[in-house]
Amino acid sequence: DIDGENLNVSILGMPEENDWILHAPYSDKSLLRNFLAYELARDMGRYASRTRFCELVINGDYKGLYIFMEKIKRDNNRVDISKLEPDETSGDDLTGGYIIKVDKWDGENNDGWLSDPPLPENYGTWYQYHYPKPDEIVQEQQNYIIDYITDFENLIASESYNEPDSGYYNFVNLESFIDVSIINEISKNVDAYRLSAYMYKDKDSEDGRLTMGPIWDYNLAFGNADYFEGQDNTGWVLDINLPSEDPFWIPFWWYRIWDDETFRNAFNQRWQELRQTVFSEEYIMNMIDSTIAVIDEAQVRNFQRWPI
């Protein structure tokens with residue numbers, strides 16, 4: 001507003017908010033990949049950033065085709081979890097909501113912690129505070145979410161992690177882990193599981209389980225990478241042998257969860273259901289065709305402006 005304070009507005013028909021992203025899909029010559037991934041995730045019933053294609057002009061200078069999208073944040077219309085104020089440091093208030101992510105650690109305001117690997121053959125995982133932001137989260141809240149993730153890692157590392165009653169099934173939103181894994185694998189996302197990997201936790205009184213998502217950053221998915229087998233349309237991302245010098249490992253708990261027969265059976269059942277609907281070839285091809293129709297003229301102007 002006129003005083004420089006946040007002003008929530010609806011833009012291009014999307015719900016009111018004040019944080020938005022103008023995304024230039026320069027590394028994706030189809031210009032479609034993030035749009036497609038987020039559309040599919042929402043059609044699966046998961047929240048993913050709403051998007052609109054637009055052409056950007058700044059002071060008369062044509063900048064090309066962009067995707068206007070929602071920034072991942074806590075909001076009733078985005079990641080719908082409880083608001084966590086700095087003075088909420090005890091009881092049920094302290095238990096949520098939190099958004100954390102596994103990601104690269106460059107950039108600003110991305111503080112977090114490195115977990116201690118509970119299994120000797122595994123690496124620790126670098127977690128970052130996303131909500132509350134690193135410069136806003138207080139010590140009690142940091143301690144709580146670190147302890148919570150430590151308990152999760154220790155549970156997954158235990159021999160009884162997949163016991164029906166005492167295992168991880170009541171600790172996590174298993175359906176969210178399945179859905180994120182499905183869209184990672186169908187898109188052969190080279191960043192899957194280990195980068196731009198968000199997860200969140202609400203207050204215990206609402207739903208204290210660890211929930212995977214929202215998905216983010218699929219610009220290098222769907223065959224758009226010539227490394228880590230990204231160009232190969234067969235095989236599983238989880239089975240890729242990452243080089244030892246790469247510092248961004250897939251968290252060990254993904255492998256443990258995939259070793260669980262109950263998870264694999266549930267994954268297969270969900271996959272078979274989706275193949276009849278939003279992951280049928282006809283559905284996906286129609287989505288691609290309809291999107292191409294929207295940007296048909298704009299993409300020509302974009303590549304005239306940026307002949308790449």
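Side-chain atoms are counted along with the backbone in the values below, which use heavy atoms only and exclude waters and symmetry mates. Residue numbers run from 1 in the order of the sequence given.
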Pairing of [X] and [Y] as salt bridge, 4.0 angstrom limit:
X	Y	answer
Asp19	Lys73	yes
Arg209	Asp207	yes
Glu273	Arg275	no
Arg305	Asp61	yes
Asp43	Arg46	no

As a test of understanding, state which of Trp254, Trp258, Phe263 forms a ring-ring contact (aromatic ring centres under 6.0 Å, His included) with Phe177. Trp254
Residues Tyr26 and Asn219: side-chain donor-acceptor under 3.5 angstrom: no
Could you tell me if Asp28 and Asn224 have a donor-acceptor pair between their side chains, going purely by distance under 3.5 Å? no
What class does the angle between the rings of [X] and [Y] fall in, given that below 30° is parallel, 30 to 60° is tilted and above 60° is perpendicular?
X	Y	result
Tyr98	Tyr144	parallel
Tyr127	Trp253	parallel
Trp20	Phe68	parallel
Tyr161	Tyr168	parallel
Tyr38	Trp216	parallel
Tyr123	Trp249	parallel

Working for side-chain contact (heavy atoms from CB on, under 4.5 Å), residues His130 and Ile100: CA-CA 5 Å; His130 186 75; Ile100 59 176; 5.8 Å; no
Assess the pair Trp126 and Phe248: is the distance between their ring centroids shorter than 6.0 Å? no
Between His23 and Tyr66, is the gap from one ring center to the other below 6.0 Å? no
Please determine whether side-chain contact (heavy atoms from CB on, under 4.5 Å) holds for the pair Asn77 and Glu17, giving the CA-CA distance in whole Å, both sets of side-chain angles, and the decisive distance to 0.1 Å. CA-CA 9 Å; Asn77 293 306; Glu17 240 293 330; over 6 Å; no
Kindly determine whether Tyr193 and Glu185 satisfy side chain to side chain donor-acceptor pair (under 3.5 Å), including the steps that lead there. CA-CA 10 Å; Tyr193 309 110; Glu185 295 294 348; 2.8 Å; yes
In one Ile/Leu/Val/Met/Phe/Trp/Tyr side-chain cluster, 4.5 Å: Leu114, Ile149: no
Cluster link Ile11 to Leu22, ILVMFWY, side chain under 4.5 Å: yes
Check for me whether Lys201 meets the cation-pi criterion with Tyr148, that is, NZ or CZ under 6.0 Å from the six-membered ring centre and within 45 degrees of the ring axis. yes
On the six-membered ring of Tyr47, is Arg42 placed so that its NZ or CZ lies under 6.0 angstrom from the centre and within 45° of the ring axis? no
Can you list the steps and then say if Thr211 with Val172 is a side-chain contact (heavy atoms from CB on, under 4.5 Å)? CA-CA 6 Å; Thr211 300; Val172 306; over 6 Å; no
